[in-house]
Amino acid sequence: MKIKMLKRFFCQYVIVGLFVFFLVFSIITGFVFQIKKINEYKTQIAQVTSQIKDTKEEISKLEKSSKNNDLESMARNQLGMIKQNEIIYLDSDERDN
């Protein structure tokens, strides 16, 4: 009788032990996954911060250059823009070069 009770309790202990093992394993893997995600997010934050810094520097350069130069001349020279209904004449000698 005692052996039957021990076997019965042993199976219960095994089941509870497996459940606890699975629970602890799930918690640990979840924790490791969260740490990896945090590191990825930190890397992304650093990249975005760098991009923001570069963009701010570019904006400040453009603001300085727009103060120094006329915006229209900048658009014409650097971007090749023209006004609406404006006719452009190209010198054939320049085009051949």
Side-chain angles (χ1 to χ4, degrees):
M1 180 111 177
K2 203 172 193 180
I3 294 176
K4 287 184 182 179
M5 299 241 336
L6 287 176
K7 284 185 181 180
R8 182 176 171 200
F9 286 127
F10 179 74
C11 289
Q12 288 177 349
Y13 287 137
V14 169
I15 292 171
V16 169
L18 288 175
F19 176 74
V20 169
F21 173 76
F22 177 74
L23 185 65
V24 170
F25 180 75
S26 297
I27 291 172
I28 289 172
T29 55
F31 185 69
V32 169
F33 178 75
Q34 292 298 323
I35 289 174
K36 286 182 181 180
K37 280 302 211 182
I38 288 171
N39 289 335
E40 287 176 15
Y41 291 145
K42 285 181 181 180
T43 304
Q44 288 177 354
I45 288 171
Q47 290 174 348
V48 170
T49 304
S50 174
Q51 288 176 350
I52 289 172
K53 180 184 171 192
D54 293 342
T55 304
K56 285 182 179 180
E57 289 175 1
E58 186 177 348
I59 288 171
S60 67
K61 286 179 184 177
L62 287 173
E63 286 175 345
K64 288 178 184 177
S65 67
S66 68
K67 289 177 185 176
N68 296 337
N69 297 333
D70 184 33
L71 186 60
E72 182 180 348
S73 65
M74 207 164 100
R76 286 176 178 270
N77 297 334
Q78 292 181 0
L79 301 176
M81 299 178 86
I82 60 171
K83 290 183 179 179
Q84 192 175 8
N85 298 326
E86 187 175 36
I87 299 173
I88 302 293
Y89 294 100
L90 296 177
D91 188 10
S92 62
D93 293 334
E94 285 183 21
R95 193 173 62 185
D96 291 338
N97 291 335

Can any side-chain N or O of Ser50 pair as donor or acceptor with the backbone N or O of Ala46 at less than 3.5 Å? no
Any donor-acceptor pair under 3.5 Å from Glu86 side chain to Lys83 backbone: yes
When clusters are formed by joining ILVMFWY residues with side-chain heavy atoms under 4.5 Å apart, either directly or through shared neighbours, do Phe31 and Phe22 land in the same one? no
Joint hydrophobic cluster, Val16 plus Val24, side-chain heavy atoms closer than 4.5 Å: yes
Could you state the interatomic distance from [atom1] ([X]) to [atom2] ([Y]), rounded to the nearest 0.5 Å?
| X | Y | atom1 | atom2 | value |
| --- | --- | --- | --- | --- |
| Leu23 | Ile28 | CG | CD1 | 10.0 Å |
| Lys36 | Tyr41 | NZ | OH | 14.0 Å |
| Lys61 | Ile59 | NZ | CD1 | 12.5 Å |
| Ile52 | Glu57 | CD1 | CD | 12.5 Å |

Tell me, please, which residues at least two apart from Lys37 pass salt bridge (charged side-chain N to carboxylate O under 4.0 Å, His left out). Glu40
